[in-house]
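Everything below concerns the one structure shown next.
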Amino acid sequence: MKEYNFKEIEKKWKDFFASQKFVENPSKKNFYLLEMFPYPSGALHMGHMRNYTIGDTYKRFLEMNGYNVIYPMGYDAFGLPAENAAIKSGVDPRKWTFSNIEKMMSQQKQMGLSYQWDRVIITCEENYYRWNQWFFLKFLEKGLAYRKKAPINWCPSCKTVLANEQVHNGKCWRCEAEVEIKSLEQWFLKITSYAEELLNDIETLDWPERVKLQQKNWLGKSEGVRIKFPLETEGFVEVFTTRPDTLWGATFMAISCNHPVLEKIAENQKEEIENLKKIALTQSEEEKEKHGVKLSVKAINPVTGEKIPIFAANFVLMEYGTGAIMCVPAHDKRDFAFAKKYNLPVRVVINPPGENLNPEKMQEAYVEEGIIVNSGKFNGKNSKEAISEIIDFLEEKKLGRREIQWKLRDWLISRQRYWGTPIPVVYCEKCGIVPVPENELPVKLPQNVRFTGSGNPLEKCQEFVNTKCPKCSSPAKRETDTLDTFFDSSWYFLRYLDSKNENLPFDPKIANKYMPVDQYIGGIEHATMHLIYARFFTKVLRDLGLLKTGEPFKKLLCQGMVIKDGAKMSKSKGNVVSVDDILENYGADAGRLFILFASPPERDLEWSDEGIKGCVRFLNRFWQLVQFAFSDEKGEKLPQKEKDLLKLNLSRTIKKVKDDLKNFQFNTAIAAIQELLNFVQKLKNLYSNFEELKETSKILVQLLHPFAPFITMELAQSFEIPLNKFPEYDEKIIKSSQKEVVIQVNGKLRGKIFANESESKDDLLKKALEKEKIKKFITGEIVKTVYIPGKILNIVVKY
RNA sequence: GGGGGAGUGUCGGAACUGGUAUACGAAGCGGACUUAAAAUCCGCUGCCCGAAAGGGAUUGAGGGUUCGAAUCCCUCCUCCCCCA
């Protein structure tokens with residue numbers, strides 16, 4: 001008998017799996033299955049392996065159930081690591097990236113992933129990023145892209161811009177110099193104009209609740225009111241608040257140190273305010289202490305008529321709301337702390353139910369809802385319920401108006417980096433900002449640049465920077481910023497569908513046929529950024545007439561992390577398991593099987609070397625059994641009872657595996673197959689090569705195929721087992737089978753009786769009472785019996 | 001600080017809609033094969049009492065609803081993730 005040699009088998013079939021093409025059978029339904037494409041950082045890690053194993057298993061299952069499945073793969077190839085490698089070791093980012101892609105692709109092929117490789121896209125290739133530029137121009141035309149000043153992290157020693165994650169405790173990650181905040185003109189996309197729609201459409205998505213919630217929080221819609229506070233001199237300052245129920249308790253006001261009103265009312269305090277600005281810039285939100293400069297001019301609380309002090313404060317942002325807030329120390333934590341520090345009055349306007357707060361004795365702000373006091377005609381009302389009434393009152397008196405605020409900011413897409421999509425605009429002294437005409441795309445990334453680690457290499461590349469104005473042909477300069485790589489990943493799923501199109505990013509007819517993506521699989525870390533940007537992009541493309549759908553991903557599965565020794569795998573912890581080692585030592589089938597078996601997909605997966613050995617053992621037993629079934633070995637006849645039981649178990653297992661796979665419950669599906677194998681093996685030990693063993697093995701091979709494609713493919717070829725259809729089960733056999741009914745006395749297990757589901761309660765009770773083991777617990781009068789057919793009979797006895 | 005998720009044997013994890021808690025796998029123990037080991041195969045294996053038959057307690061802690069709770073409700077504890 002042939003031994004199971006995974007190396008030989010996997011080598012034999014990997015190219016076959018990698019050469020699969022999408023064949024559209026019009027009588028079958030289409031299904032678009034998508035996995036998040038990787039950043040080509042070097043080699044696959046276990047998180048990738050988990051993501052793709054889930055996808056490929058599901059894809060094979062769908063195909064066996066009669067779907068045409070679109071299953072593409074690509075590489076998110078622009079980004080910082082390539083550029084950092086160039087700075088560090090002088091390698092060309094392009095070469096670095098492509099050699100990583102080659103490595104990762106070969107690993108993916110070794111895993112047996114059956115991607116349609118003819119669709120592959122690599123975002124750093126011209127035929128991809130030119131369409132980024134094309135989209136940028138469309139955004140510009142539609143008024144959805146604009147320039148404005150925005151703060152960036154600047155390392156004065158490396159002379160470069162840093163991403164947030166490259167700033168560690170206010171210092172540059174590479175040279176540890178203090179990071180400065182600089183203000184630069186940068187490009188933004190107006191994602192905020194889609195905020196309302198992005199929020200409303202969340203309801204239509206079949207996504208995990210926690211991701212939907214994270215998106216809602218990220219968008220951060222708050223309904224409130226804009227209130228005018230007159231100044232004692234002249235003019236007014238507007239504040240935005242979601243808590244107008246506390247307006248009567250506003251005893252001071254805080255405004256941003258960049259607030260324009262300061263020009264008028266704080267001329268004599270300029271120096272103090274400048275000092276405050278410095279604190280605001282250098283400290284991160286977390287460690288920032290609340291500082292304020294008391295202004296000489298006071299404001300008037302519009303409902304109490306009281307004069308209240310104004311502070312320029314470092315914790316009020318000009319970007320959010322109106323750049324000014326009303327402060328209610330009694331009912332807001334931050335205001336309370338500030339009031340204590342500067343010795344400001346605290347006035348209670350909301351009492352907890354059944355209690356009267358004493359402002360002098362309060363240790364902390366009372367932020368909950370309660371009963372309104374000290375607020376004129378609203379006294380005695382519930383604070384939360386009264387909010388809307390109070391806003392009506394303010395609108396009526398022309399003191400304020402209803403307003404909606406969002407936490408969502410416009411999307412900053414400028415990166416002062418080389419390795420990204422050049423933003424296709426030109427700066428001309430005469431014409432200003434001029435978009436590069438469509439027919440001149442792509443604006444190519446120059447190849448001969450130097451990476452010094454200081455500044456953006458594009459700025460120093462003269463043949464790139466110097467150009468002619470497309471409008472007036474006078475000398476002009478190119479934009480040297482490149483696009484955020486989230487731009488690339490916001491539409492890649494559309495390019496897959498028509499990856500070779502030379503005239504358009506994709507043909508709308510083709511996209512409309514397959515969009516939206518039916519199932520998207522990826523990590524939870526993308527719950528906000530990528531998944532919001534892609535949704536936004538899709539809506540814009542819909543409004544450009546390129547797409548019918550406004551939502552890209554119908555269903556989403558977020559897989560958990562792969563951990564080892566209780567911690568996330570990372571180089572610094574030294575607990576990284578290499579994908580190459582797994583494939584080399586245990587094989588792709590065993591690796592896939594273990595990943596799916598060890599934990600349900602959405603939960604974290606604890607890696608275990610012992611665990612994967614268990615999967616190797618299972619595959620070995622599986623191989624041996626099927627080989628034996630198709631050998632010349634003779635067997636005995638199965639007794640009728642065993643025959644029936646085998647039939648029942650087959651149907652039950654097929655049903656369970658099918659149902660579980662539909663719900664991504666791979667772990668229990670595999671357990672069911674193992675259970676079946678254990679059962680069949682016991683029959684084999686007793687009856688050797690019994691007649692039904694061949695048919696049973698065939699079903700086992702078919703059931704296991706989506707999980708372990710190599711071993712099953714090899715067996716299928718040897719013994720002519722079709723793998724194009726998922727096996728079928730007989731519902732009748734499952735329904736009519738006898739079930740073990742549990743007999744309880746007062747809720748405690750006292751015995752078991754086999755019975756049909758049609759068995760009557762009285763008959764079963766009679767049978768139960770005949771049993772000595774059960775009878776002895778009936779020590780009093782039977783008050784009640786509860787019978788769930790096929791499950792339990794509970795006899796309730798009174799003592 | 002805000003939001004979310006999770007606590008079940010020695011470990012990873014099962015348990016349908018409230019209905020046999022611990023499926024499946026790992027580890028452990030015993031046996032077979034072997035000169036020996038590994039591999040493989042067979043059997044046992046959550047805890048307490050008991051020689052056994054059997055019985056009792058048990059799903060982070062405490063309480064409640066119910067004939068019946070890992071599952072539903074309340075209070076509390078611990079861990080993880082995301083956002084700030």
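Here is how names work: the chains are called A, B, and so on, in the same order as the sequence lines, proteins then strands, and each is numbered from 1. Source: prediction; values computed, not measured.
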Using atom [atom1] in both nucleotides, what's the gap between [N] and [M] to the nearest angstrom?
N     : M     : atom1 : value
B:C11 : B:U22 : C1'   : 13 Å
B:A6  : B:U71 : C1'   : 15 Å
B:A53 : B:U59 : C1'   : 28 Å
B:U78 : B:A61 : P     : 15 Å
B:G5  : B:U20 : C1'   : 30 Å
B:G2  : B:G56 : C1'   : 46 Å
B:C80 : B:U58 : C1'   : 26 Å
B:G62 : B:G12 : C1'   : 29 Å

To the nearest Å, how far apart are [X] [atom1] and [N] [atom2]?
X        : N     : atom1 : atom2 : value
A:Gln214 : B:G5  : CD    : P     : 11 Å
A:Asp335 : B:G1  : CG    : P     : 18 Å
A:Asp609 : B:A27 : CG    : C1'   : 14 Å
A:Leu793 : B:C67 : CG    : C1'   : 11 Å
A:Ile753 : B:G19 : CD1   : P     : 21 Å
A:Lys748 : B:A21 : NZ    : P     : 11 Å
A:Lys216 : B:A84 : NZ    : P     : 19 Å
A:Asn746 : B:U66 : CG    : P     : 15 Å

Taking [X] first and then [Y], would you say they form a salt bridge - that is, a charged N and a carboxylate O separated by under 4.0 Å?
X        : Y        : answer
A:Glu770 : A:Lys767 : no
A:Lys766 : A:Asp762 : no
A:Glu203 : A:Lys216 : yes

Could you work out which one of [options] sits closest to the side chain of [X]?
X        : options             : result
A:Asp604 : B:C80, B:G19, B:G55 : B:C80
A:Leu749 : B:A27, B:G3, B:A21  : B:A21
A:Glu610 : B:A14, B:A26, B:G56 : B:A26
A:Phe597 : B:G12, B:G3, B:A23  : B:G12
A:Arg210 : B:G4, B:G12, B:C82  : B:G4
A:Pro600 : B:G4, B:C82, B:G13  : B:G13
A:Met561 : B:C81, B:A23, B:A14 : B:C81

It should be established whether [X] places a side-chain nitrogen or oxygen under 4.0 Å from OP1 or OP2 of nucleotide [N].
X        : N     : answer
A:Lys752 : B:U20 : no
A:Lys791 : B:A15 : no
A:Arg603 : B:A14 : yes
A:Asn678 : B:G25 : yes
A:Asn667 : B:A14 : yes

A:Arg621 and A:Gln681: side chain donor to acceptor below 3.5 Å: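 Yes, A:Gln681 and A:Arg621 have a side-chain donor paired with an acceptor closer than 3.5 Å.
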
Residues A:Asp730 and A:Ser651: side-chain donor-acceptor under 3.5 angstrom: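 There is no such pair between these side chains.
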
Nucleotide forming a Watson-Crick or wobble pair with [N], both distances under 3.5 Å:
N     : value
B:U78 : B:A6
B:C44 : B:G28
B:A21 : none

So what does [X] hit on the nucleic acid, given a heavy-atom distance under 4.0 Å: a base, only sugar-phosphate, or nothing?
X        : value
A:Leu213 : sugar-phosphate
A:Val796 : sugar-phosphate
A:Asn794 : base
A:Thr668 : sugar-phosphate
A:Glu209 : nothing

Of A:Lys784 and A:Ala672, the one whose closest RNA chain B nucleotide lies more 5':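 Looking at the nearest nucleotide for each, A:Ala672 comes out on the 5' side.
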
Toward the 5' end of RNA chain B, by each residue's nearest nucleotide, A:Gly614 or A:Glu675: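 Its nearest nucleotide lies further toward 5', so the answer is A:Glu675.
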
Near-ring test A:Trp411/A:Phe486, centroid separation under 6.0 angstrom: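 No, too far apart.
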
Aromatic ring proximity A:Phe666/A:Phe597, centre distance under 6.0 Å: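 No, ring centres 6.0 Å or more apart.
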
Polar atoms only, N or O, under 3.5 Å: list the protein pairs with nucleotides 37-44 of chain B and their distances.
none

Where A:His705 and A:Thr712 come nearest, the two heavy atoms and their spacing: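 Minimum heavy-atom separation between A:His705 and A:Thr712: ND1-OG1, 2.8 Å.
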
For A:Thr785 against A:Lys761, the heavy-atom pair lying closest together: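 Heavy atoms only, the tightest pair is OG1-CE, 2.7 Å.
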
Syn/anti state for B:G9 [syn: chi within 90° of 0]: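 This nucleotide is in syn.
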
Axial cation check for A:Phe628 ring with A:Lys684, 6.0 Å and 45° limits: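 Yes, cation above the ring, under 6.0 Å and within 45°.
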
Whether over 12 other heavy atoms sit under 6.0 Å from A:Glu8 CD: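 No, the 6.0 Å shell around CD holds no more than 12 heavy atoms from other groups.
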
